[in-house]
K.L.:
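Below is a structure I'd like to ask you about.
On a predicted model such as this, the values are computed, not experimentally measured, just so you know. Values below: every heavy atom of this structure, side chains too, minus hydrogens, waters and symmetry copies.
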Protein chains: 2
Amino acid sequence: MRAVNVSERVPMLPNSSSSMPPMRERSEKARAVLEGAFQVFMAQGYAAASMDRIAATAGVSKSTLYSNFQDKEGLFLALMQEMTFASRQEAFALLSQADLQAPPQQVLRQIAVCMLDSFEQNQPLLTLMRLVIGESDRFPEVAKTFVTDITKPMLDQLTLYLSSQTQLQLPDPVIAARIFAGSLVHYLIIQKLLHGDDVLPLERDRMIDGLIGMITAQQSPAP
Amino acid sequence: MRAVNVSERVPMLPNSSSSMPPMRERSEKARAVLEGAFQVFMAQGYAAASMDRIAATAGVSKSTLYSNFQDKEGLFLALMQEMTFASRQEAFALLSQADLQAPPQQVLRQIAVCMLDSFEQNQPLLTLMRLVIGESDRFPEVAKTFVTDITKPMLDQLTLYLSSQTQLQLPDPVIAARIFAGSLVHYLIIQKLLHGDDVLPLERDRMIDGLIGMITAQQSPAP
DNA sequence: CGCGAACCATACTAAACGGTTTAGTTGACA
DNA sequence: TGTCAACTAAACCGTTTAGTATGGTTCGCG
C-alpha cells in the first residue's frame, strides 16, 4: 500500500450504506486499471479481452495490474461490482426526479423518459446490460448483483408509486411495474442492442404513449 | 461433396420459402460439426470456444471442420443461421396452436403459455437469446437475423390477432403486442437468464394473469 | 482393380494468452 | 543519505489458440 495523503480525494460519501463493496478507497493506479478494464471488457467481452491490452489501455504495466487485482477474473468481478454500484443511483433516482403531485399519466411519462434516457444516452448502462446477460452463465453472481442492485430497486419504486395511485385501480401493482419496466427494457434490447431499428422501427414516444395508455386505462371506460 | 443417396433423408420441406439459408443439404459430417459447434459455442460463447474442442465434441477431425467451413467465424455464422431458422417455426406456430374462436382471455393465455414453454423447456432458445445479445456487438448481422426471423414474426402475429379482436378496443395493437411479448421476454430474462428467481421471485401464472388482465381491461369498467 | 474423394490422427507453425519474474527507476520519509 | 514500497519495461514460462500440412485409411464407382 502506498502512503496516501489525506488531501488527495475524499469519497465524501462513506459508502451509502457501508455494505460490501470497497469503493473509492482504491489507489490511483487501481482506478486507472479499472478504467482500462472497463474499456476493453466492454468492447471485447470477458474471454476476448487480454490483460496485455488492458494494461496498455490503462497506461500501466502488467505488474501493477496484478499487484492490484488477483487475476483476470478478480479484475472482471471488481469492475462489474464497481459499474453496478455506480448505476445504482440512476435506478434509485427514478422517482425523485418526478413531480409526484402531477397526474399519474404525467408522472409515468417522466419515469419512462428518465428510464430510456438513462439507457440510451448512458451507453455504459446498455453495454453493462449486454455484458451481464452475455456472461450470466459464467458469472451468475454478477447477474444476481445486477438484479439485486438495479432491477429490484427500480421495480420496487415503481410498485410503490403505482400502489399509491389508488385511482388507477390496478389489481396487481407488482405486475403492473413489471409490465411497465419490462416493456421499456425489451424495447431497448430490441431497438438498441439487437439493432432492430432497421427492421422493426418504432418511435419511442409511440411506445411510451401506448404503454401509459394501457396502464391508466384500467378503470376508465373512455368518455 | 459426397455422393448422396436419394433415400438418405429428404428435408420434405424445400426450405419454406426457398430463401437464403442452405438448410439440410449439408453432408452428414457437416451436420456433426454443427452439432458440436452448437454445444461448445452455447456453453462457452464465441471467444472462449476453441476449434479443437468443437472438433473433439463433434467426433470429427479438425481437417473435416475446416473442409466444411471457412473458419471459426464462418462456422459460428452458419450455426447461428441454422439455429435461428430452426426456431422460426416455434415463433410462427404461436397462433396456429390456439383456438382462435375462444374468448381473447383464453387465446392470450394459450399464447403466453406457449411462449414461455418455448423458452423455458427449450433451453436452446434461451441460450440462443443470451448468445445473440452477448455477441450483438461483434456480430450485428446475427442480431438482425434474430429480430427478423423470430421477434418480428412473433410480434406480427400478435398484432394481427389483437387487431382482429375489435371488442378489446385497443388503441394501438402494435404497441399492445410489444407490451405483451416484451413483458414476457423480460420476465424470462430476469428470472431465467439473470437467475432472478432467488432475489425477485414471481410465479409465472401471476405474471400471465396480470398481463392478460391489463390488456383486456382496456374497455371493461369491471362489473 | 484402381481412381479419387472424403475422412482420420497427428504434428506442425506462428502468434497470443495468463501469469511470473527480473532488473531498474522513482519519490516519500527518517 | 539510506530505506522501502510502488512503479516501470521487458523478458520469460508453459499453455493454448487458429489454421495448415502430411500421410494413411476407408469407400463408392467405373
K.L.:
Does the ring-ring contact (aromatic ring centres under 6.0 Å, His included) test come out yes or no for Phe139(B) and Tyr46(B), once each step is laid out?
P.N.:
CA-CA 10 Å; Phe139(B) 299 97; Tyr46(B) 177 77; 4.9 Å; yes
K.L.:
In whole Å, I'd like the distance from the CD atom of Gln44(A) to the C1' atom of dC17(C).
P.N.:
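Going from Gln44(A) (CD) to dC17(C) (C1'), I get 13 Å.
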K.L.:
Using whole Å, report how far CG of Leu65(B) lies from C1' of dC8(C).
P.N.:
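Interatomic distance, CG of Leu65(B) to C1' of dC8(C): 13 Å.
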K.L.:
Near Glu141(B) CD, under 6.0 Å, is it more than 12 heavy atoms from other residues, nucleotides or ligands?
P.N.:
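Count over threshold, so yes.
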K.L.:
Please determine whether the number of non-hydrogen atoms from other residues, nucleotides or ligands lying under 6.0 Å from atom CZ of Arg53(A) exceeds 12.
P.N.:
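12 or below, so no.
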K.L.:
Please determine whether a side-chain nitrogen of the Lys or Arg among Glu135(B) and Arg138(B) lies less than 4.0 Å from a carboxylate oxygen of the Asp or Glu.
P.N.:
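Arg138(B) and Glu135(B): salt-bridged.
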K.L.:
For nucleotides 17-21 of chain D, which of its nitrogen or oxygen atoms have a protein nitrogen or oxygen under 3.5 Å away, and what is each distance?
P.N.:
residue: dA18(D); atom: OP1; partner: Ala49(B); partner atom: O; Å: 3.1
residue: dA18(D); atom: OP1; partner: Lys72(B); partner atom: NZ; Å: 2.9
residue: dA18(D); atom: OP2; partner: Met51(B); partner atom: N; Å: 2.9
residue: dG19(D); atom: OP2; partner: Tyr66(B); partner atom: OH; Å: 3.0
residue: dG19(D); atom: OP2; partner: Lys72(B); partner atom: N; Å: 3.0
residue: dG19(D); atom: N7; partner: Lys62(B); partner atom: NZ; Å: 2.6
residue: dG19(D); atom: O6; partner: Lys62(B); partner atom: NZ; Å: 2.7
residue: dA21(D); atom: N6; partner: Ser63(B); partner atom: OG; Å: 3.4

K.L.:
Before accepting this row, confirm whether a basic side-chain N of the pair Asp117(B)/Arg204(B) lies closer than 4.0 Å to the acidic partner's carboxylate O.
P.N.:
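Between Arg204(B) and Asp117(B) there is a salt bridge, with a charged N closer than 4.0 Å to a carboxylate O.
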